[in-house]
Every structure is written in C-alpha cells, then in structure tokens.
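Note sheet for the following structure.
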Amino acid sequence: MLDRFRSLIIGLSLIVIVGLLAVYFIVQLGGGEDIFGGREGSLPPVEFTSLDYSPDDVGYLMCPPEACGSAVADSVSPVFPVDAGQLRQLLADFADSNPTIETFRFNLPDNQFDFTERLPGQTFPAVVTIKVIEVDAYNSTIAVYSRQPVGRSAKPDHGDRVTRWLRVLLTATGAPQT
C-alpha cells in the first residue's frame, strides 16, 4: 500500500515538473502573453485634456490651467527655465537613476511618459504620468498625475510623491523652489 502511494506521489510530481517546464519554455520563447498577459498591461494612456478628476479623488494632479481641460487640479505647475527637450532629458535621467522607478510607457512624440514607482513597504506600485509642455523656446512646464490603480493609497502619499519629483526637477533646472 505504501509503495503504491509513493509511486502515485512520484508520478504526480513528475507531471507537475514537466508542466512547469513547459510553461517556462513557452514564456521564454515569447508565447507567455496568452498565459500571463503582455508587458503593456491594460492601463490606458492618460488624456490630460479630457481627464475626469476632482480634488476629492484619491490621487494627485498638478498641471497648468490650460492643459487639463475640465479637471480641477490639486496644484498649478511651475514654469521651468529650460526648453522642453532639456526638461524631458532631466526627467528621464531622474527616472533612470532611481531604483524605485521603472519606465512603463515612453511616448516621445507626445512628450508624455508613464512611470511606476514602488516605495519600500508598498505592495503595489503607483503610476506617475508626466506630460512635458513647451511654453516657449526657453521655458517649459509639466502636467503630473499620480495614482495607484491597484491596491489602497492615500491622497497625501500622492501629493508627497509629486512634490518630491517636482523638487528634483526644480533643483536640476535651477528654478526657484516653491
């Protein structure tokens, strides 16, 4: 009886191992999207001009008044004394040098970028969408929307995140701190 039970367990273990190896090779060969979904996920891009946001929502929106359409922003974006290309480069450098930030979507033609940031102790990452907006040849501004689509978050966490990112960009551009 014990031999029969042991043989059954060994046989089931081999079947599980072969199945896991098959899934591993399918994913490695690029066919894992059918099983686990793609890298892009299902997070749609943010359209700042048609964004439906109010200060009561959990999240944080900072943008210039003309960029966010009917959305009521939590704060107004400052103007940076650099052109849009330089501001975009500073933003990319900040994201690349920070280990808690990963680039999720990089839309260079629209100057809009999505990043995920997972701080220590957080289960799910927050999503930060930033649109670099050219004011003139020498100045630019940004629209920033921080939110956490999955899990629980608090509005002050998003406000602190946007403030931290803004402080880094203000320091890097030499703009006065607000």
Side-chain angles (χ1 to χ4, degrees), residues 1-63 68 71 74 87-132 142-169:
M1 177 74 170
L2 188 58
D3 288 337
R4 184 178 268 179
F5 180 72
R6 189 176 333 156
S7 297
L8 179 67
I9 294 298
I10 291 172
L12 288 175
S13 298
L14 288 175
I15 291 172
V16 169
I17 290 172
V18 168
L20 290 174
L21 283 172
V23 168
Y24 173 77
F25 285 118
I26 288 171
V27 169
Q28 289 300 316
L29 294 173
E33 289 185 12
D34 295 337
I35 299 170
F36 299 110
R39 279 192 59 79
E40 281 295 311
S42 60
L43 188 66
V46 173
E47 292 293 330
F48 284 99
T49 56
S50 62
L51 182 63
D52 183 28
Y53 179 85
S54 73
D56 296 333
D57 295 343
V58 176
Y60 195 88
L61 177 65
M62 179 179 70
C63 69
C68 288
D74 294 300
L87 187 58
R88 180 179 58 233
Q89 184 62 49
L90 290 169
L91 177 65
D93 290 344
F94 168 66
D96 288 344
S97 67
N98 196 323
T100 61
I101 299 173
E102 290 187 26
T103 303
F104 178 73
R105 189 178 293 127
F106 203 83
N107 186 343
L108 198 56
D110 289 339
N111 269 344
Q112 185 164 319
F113 316 100
D114 291 309
F115 303 98
T116 58
E117 181 180 43
R118 182 181 314 192
L119 296 176
Q122 289 183 339
T123 306
F124 298 106
V127 178
V128 180
T129 300
I130 299 180
K131 183 173 182 73
V132 177
I142 56 175
V144 182
Y145 182 36
S146 174
R147 72 246 184 241
Q148 190 166 338
V150 177
R152 302 176 100 180
S153 64
K155 189 167 191 70
D157 295 337
H158 296 289
D160 292 346
R161 178 175 295 106
V162 171
T163 301
R164 183 170 32 84
W165 285 50
L166 180 63
R167 192 176 329 113
V168 168
L169 292 175

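Since the structure is predicted, the reported quantities are computational estimates derived from the model, not experimental observations. Hydrogens, waters and symmetry mates play no part in the numbers below; they use all other heavy atoms, side chains included.
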- Would you indicate whether the side-chain heavy atoms of Thr129 and Phe48 approach each other to under 4.5 Å? yes

- Query: Crowded around Phe106 CZ? As in, over 12 foreign heavy atoms under 6.0 Å?
  - Reply: yes

- Check: Val128 and Val144 side chains under 4.5 Å, non-hydrogen atoms: yes

- salt bridge (charged side-chain N to carboxylate O under 4.0 Å, His left out) contacts touching residues 2-19 (sequence neighbours left out): Asp3-Arg6

- Message: Could you work out, with side-chain contact (heavy atoms from CB on, under 4.5 Å) as the rule, every residue matching Ile101, not counting sequence neighbours?
- Response: Phe94, Ala95, Asn98, Phe115, Glu117, Trp165

- Query: With a 4.5 Å limit on heavy-atom distance, are the side chains of Ile142 and Met62 in contact?
  - Reply: yes

- Message: Nearest 0.5 angstrom please: Asn111 CG to Ile130 CD1, how far?
- Response: 11.5 Å

- Kindly indicate whether the side chain of Leu91, heavy atoms from C-beta on, has any atom under 4.5 Å from the side chain of Phe113. yes

- Query: Is it true that atom CG of Asp110 has more than 12 heavy atoms of other residues, nucleotides or ligands lying nearer than 6.0 Å?
  - Reply: yes

- Does Thr49 offer a backbone N or O that forms a donor-acceptor pair with the side chain of Glu47 under 3.5 Å? no

- Message: Nearest 0.5 Å, please: how far is SG in Cys68 from OH in Tyr145?
- Response: 10.5 Å

- Item | Pro156 backbone acceptor or donor facing Arg161 side chain under 3.5 Å | no

- Message: Could you go through Asp74 and Lys155, starting from their C-alpha distance and side-chain angles, then the distance that decides it, and tell me whether this counts as salt bridge (Lys or Arg N to Asp or Glu O under 4.0 Å)?
- Response: CA-CA 10 Å; Asp74 294 300; Lys155 189 167 191 70; 3.2 Å; yes

- Item | Whether Gln148 side chain and His158 backbone form a donor-acceptor pair below 3.5 Å | no

